[in-house]
Every structure is written in C-alpha cells, then in structure tokens.
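Okay, structure first, notes after.
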Amino acid sequence: MDRTKVDNTIALPTLPTEWGIAAAGPFAADELDNLISENTRTGDRVFWSLNPNETIARSIGLPTLAVSWRIVGSGDFNGDGGPDILLENTGTGDRVVWVMVHTKIASSLGLPTLRPSWRLRG
C-alpha cells in the first residue's frame, strides 16, 4: 500500500482453507515483510519470507501449538523496534507475547488471564 492506494499486489500460493494469514511484519533481519500463516486444524504456524521482488523466498516453521491457541496480531510490544507476536488461548483465556528476534522466539511473556469470552482483536 502507498498510504490509501494499492501500490502493488503479489500472488500467494493457493492453500487449503484451514490455513490463514495471521500476522505480517518485517520479522527477518533484511527488513522485508514476512507473513505468518497458521493452520486452524493442526496448530502449525509458518513464516513466509518475501523476496525484494515480493515473491515467497522460503518458509520458516514456528512452534506448533494446540489449535485453541491463535495468533491475534503483531506489534512492537517490548520497544526494540521489531515486531513481536500476540497469541491467545480461546479455551482458557490465557494470553502471551512471543518476543521475537527476527524469526526466532527470544522469550515468551505471559499476560493477565481474562475470561475466554473476552477476545483480543488484532
């Protein structure tokens, strides 16, 4: 995007419906955007690293979690200038932030548990 105008589009591979895009950001050291995809049936999560020409260069696996854990967004939660990943457990109300160093989880920070009926929106 260029402010409010579409600047360019890229075609992503067609995936089964249980895979969805959960977050995006410049996670890798090259500062190019990455997509995080998660599988709602298996709990698998994968980074898709994009090339400068905006094609998928590689995929990098993240830990597999129970399907009740969902990525709800990304942002710089620890102030280091890079995006981190926010997850919530839809069954228990637990929430955590994966503090990221590029595409690796540096630490996991627990957030206060809320009733499962309270949902985070990314």
Side-chain angles (χ1 to χ4, degrees):
M1 298 294 293
D2 181 8
R3 298 184 192 252
T4 59
K5 183 179 94 179
V6 175
D7 183 51
N8 194 8
T9 61
I10 59 172
L12 297 174
T14 302
L15 296 172
T17 57
E18 64 266 18
W19 282 94
I21 303 300
F27 288 93
D30 56 18
E31 295 299 316
L32 297 172
D33 283 328
N34 303 121
L35 301 175
I36 301 174
S37 183
E38 73 181 344
N39 185 310
T40 58
R41 288 189 187 163
T42 65
D44 292 332
R45 282 139 183 107
V46 176
F47 276 108
W48 286 345
S49 182
L50 302 178
N51 283 322
N53 62 356
E54 299 176 333
T55 59
I56 296 174
R58 65 183 181 188
S59 64
I60 303 165
L62 286 168
T64 298
L65 300 173
V67 295
S68 58
W69 281 99
R70 302 296 306 270
I71 294 173
V72 293
S74 64
D76 183 9
F77 295 104
N78 66 342
D80 68 354
D84 304 305
I85 301 171
L86 176 62
L87 301 101
E88 74 176 350
N89 186 311
T90 58
T92 65
D94 292 333
R95 275 88 177 171
V96 299
V97 171
W98 281 346
V99 176
M100 304 299 292
V101 175
H102 306 301
T103 57
K104 304 236 184 285
I105 300 169
S107 62
S108 181
L109 304 174
L111 299 175
T113 298
L114 302 172
R115 291 184 306 235
S117 60
W118 285 68
R119 301 297 308 273
L120 297 172
R121 299 286 181 235

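Throughout, residue positions are numbered sequentially from 1 according to the sequence presented. Fair warning: this is a prediction, and the values are worked out from it, not measured in the lab.
Between Glu38 and Arg70 there is a salt bridge, since a side-chain N of the basic residue sits under 4.0 Å from a carboxylate O of the acidic one.
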Review point. Could you go step by step and tell me if Asp84 and Asp76 meet the side-chain contact (heavy atoms from CB on, under 4.5 Å) rule?
Key: CA-CA 6 Å; Asp84 304 305; Asp76 183 9; 3.9 Å; yes
Review point. Between Ile85 and Ile36, does a side-chain contact (heavy atoms from CB on, under 4.5 Å) hold up when you go through it step by step?
Key: CA-CA 10 Å; Ile85 301 171; Ile36 301 174; 3.4 Å; yes
**Study point:** CA sep, side-chain torsions, deciding dist, call: Asn39, Arg45, side-chain contact (heavy atoms from CB on, under 4.5 Å)
**Key:** CA-CA 6 Å; Asn39 185 310; Arg45 282 139 183 107; over 6 Å; no
Check your understanding: Would Trp19 and Val46 count as a side-chain contact (heavy atoms from CB on, under 4.5 Å) if you check the C-alpha gap in whole Å, the side-chain angles of each, and the deciding distance to 0.1 Å?
Key -> CA-CA 10 Å; Trp19 282 94; Val46 176; 4.0 Å; yes
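Thr42 places none of its side-chain heavy atoms less than 4.5 Å from the side chain of Thr64. Residues Met100 and Phe47 form a side-chain contact, since some pair of their non-hydrogen atoms from C-beta on lies under 4.5 Å apart. Using a 4.5 Å heavy-atom threshold, the side chains of Ser49 and Ser59 count as separate.
Among Thr92, Asp94, Asn89, the single residue meeting the side-chain hydrogen bond (donor to acceptor under 3.5 Å, both in side chains) criterion with Thr113 is Asp94. Screening Leu65, Val67, Val72 against Trp69 for a side chain to side chain contact (heavy atoms under 4.5 Å, CB included) leaves a single residue, Leu65.
Applying the side-chain contact (heavy atoms from CB on, under 4.5 Å) rule to Ser108 yields the partners Val96, Trp98; only residues at least two apart in sequence or on another chain are considered. Take Pro112 and apply the side-chain contact (heavy atoms from CB on, under 4.5 Å) test, not counting sequence neighbours, and it matches no residue. The ring pair (Phe, Tyr, Trp, His ring centres under 6.0 Å) test applied to Phe77 returns no partner, not counting sequence neighbours.
Under the 4.5 Å side-chain heavy-atom criterion for ILVMFWY residues, no single connected hydrophobic cluster contains both Leu109 and Val101.
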